[in-house]
Amino acid sequence: MKFEQVDVDLLLSALADLPSEWQDDESRRVIEAIPHIVDRLRTIGPEITAADLAALLREQSIALDVFRLLTGRGQEPMAHEICGALGVQSGDWKALRSRARKEPEAMAAALVQIGMPALIREQIGRNWTVETCS
């Protein structure tokens, strides 16, 4: 069997953009929650406590996601760090969200342990905007 030689120019000419919608229902919920959670964090002031984080976790089912976004880290690395602080072997982001709803005080304590209040304080002074691609 003889194969036709493929060069870079041929490959590049065959590439095309694939349209995709990056926002799903979950991402829309997170985007809608960001301003509310950030405003609440700003009203707390510079000393964010475990009690403050627990209250936000109780109020907003998506608060854990917003906290993670403030760190600029992905779900998987953040999940590993939170699991370590919780003293559990592993857990995916969905399981951690559920745990945050069921045990907001324990999750808040873990977030304090990994330095979340300082990360939030660092980011909260910035002006953030969310833009969508069209």
Side-chain angles (χ1 to χ4, degrees):
M1 180 182 290
K2 187 174 181 176
F3 293 99
E4 181 180 332
Q5 186 173 6
V6 178
D7 64 9
V8 173
D9 291 330
L10 179 60
L11 283 175
L12 290 175
S13 70
L15 294 177
D17 288 331
L18 295 175
S20 67
E21 175 60 40
W22 68 271
Q23 286 187 3
D24 57 9
D25 289 340
E26 186 174 302
S27 64
R28 280 188 276 280
R29 282 191 6 234
V30 172
I31 290 168
E32 289 172 12
I34 290 171
H36 173 73
I37 293 171
V38 168
D39 286 345
R40 286 273 287 119
L41 288 165
R42 284 184 175 138
T43 63
I44 291 169
E47 296 304 317
I48 299 167
T49 66
D52 297 323
L53 295 176
L56 277 165
L57 290 168
R58 277 192 297 279
E59 291 171 21
Q60 291 280 339
S61 64
I62 212 80
L64 188 63
D65 292 86
V66 176
F67 298 160
R68 180 190 63 80
L69 289 171
L70 287 170
T71 71
R73 297 180 63 208
Q75 286 180 354
E76 188 173 329
M78 186 58 70
H80 287 296
E81 194 168 349
I82 292 170
C83 286
L86 289 169
V88 297
Q89 289 291 339
S90 65
D92 63 12
W93 196 252
K94 185 176 177 180
L96 288 174
R97 260 196 218 130
S98 176
R99 188 167 186 160
R101 280 191 301 276
K102 293 175 187 172
E103 303 173 39
E105 287 79 14
M107 181 61 70
L111 293 173
V112 167
Q113 186 177 336
I114 66 170
M116 186 61 70
L119 293 169
I120 290 171
R121 204 172 29 254
E122 179 183 320
Q123 297 299 322
I124 217 70
R126 297 182 181 184
N127 289 323
W128 293 97
T129 59
V130 176
E131 295 181 21
T132 58
C133 300
S134 38

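We number each residue from 1, following the sequence as shown. All of these numbers come straight from a predicted model, not from anything done at the bench. All heavy atoms count here, side chains included; hydrogens, waters and symmetry mates do not.
Between M107 and L86 the shortest side-chain heavy-atom distance falls below 4.5 Å. At a threshold of 4.5 Å between non-hydrogen side-chain atoms, the residues E32 and I62 do not count as touching. When side chains are defined from C-beta on, L64 counts as touching I82, because their heavy atoms get closer than 4.5 Å. Taking the side chain as every heavy atom from C-beta outward, I120 and L53 approach each other to under 4.5 Å.
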Give the intermediate values and the outcome of side chain to side chain contact (heavy atoms under 4.5 Å, CB included) for residues E103 and L57. CA-CA 9 Å; E103 303 173 39; L57 290 168; over 6 Å; no
Give the C-alpha distance, both sets of side-chain angles, the deciding distance and a yes or no for side chain to side chain contact (heavy atoms under 4.5 Å, CB included) between M78 and I114. CA-CA 10 Å; M78 186 58 70; I114 66 170; 3.8 Å; yes
Any chance you could lay out the side chain to side chain contact (heavy atoms under 4.5 Å, CB included) test for L69 and V30, step after step, and finish with the verdict? CA-CA 10 Å; L69 289 171; V30 172; 3.6 Å; yes
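Interatomic distance, T71 OG1 to E122 CD, rounded to the nearest 0.5 Å: 10.5 Å. Taking CZ of F67 as the start and CG of L56 as the end, the distance is 4.5 Å to the nearest 0.5 Å.
D39 meets the side-chain hydrogen bond (donor to acceptor under 3.5 Å, both in side chains) test with no other residue; sequence neighbours excluded.
The minimum heavy-atom distance linking L111 with P117 is given by the pair O-CD, 3.8 Å. Between A108 and A50, the shortest heavy-atom distance links the atoms CB-O, 3.2 Å. Shortest non-hydrogen contact noted between G91 and C83 is N-SG, 3.4 Å.
Within the structure, salt bridge (Lys or Arg N to Asp or Glu O under 4.0 Å) contacts touching residues 51-65 (residues at least two apart or in different chains) are R40-E59, R58-E105, D65-R97. The list of salt bridge (Lys or Arg N to Asp or Glu O under 4.0 Å) pairs with a residue in residues 67-76, not counting sequence neighbours, reads R73-E81.
When I48, V38, I44 are each tested for a side chain to side chain contact (heavy atoms under 4.5 Å, CB included) with I124, only one passes: V38.
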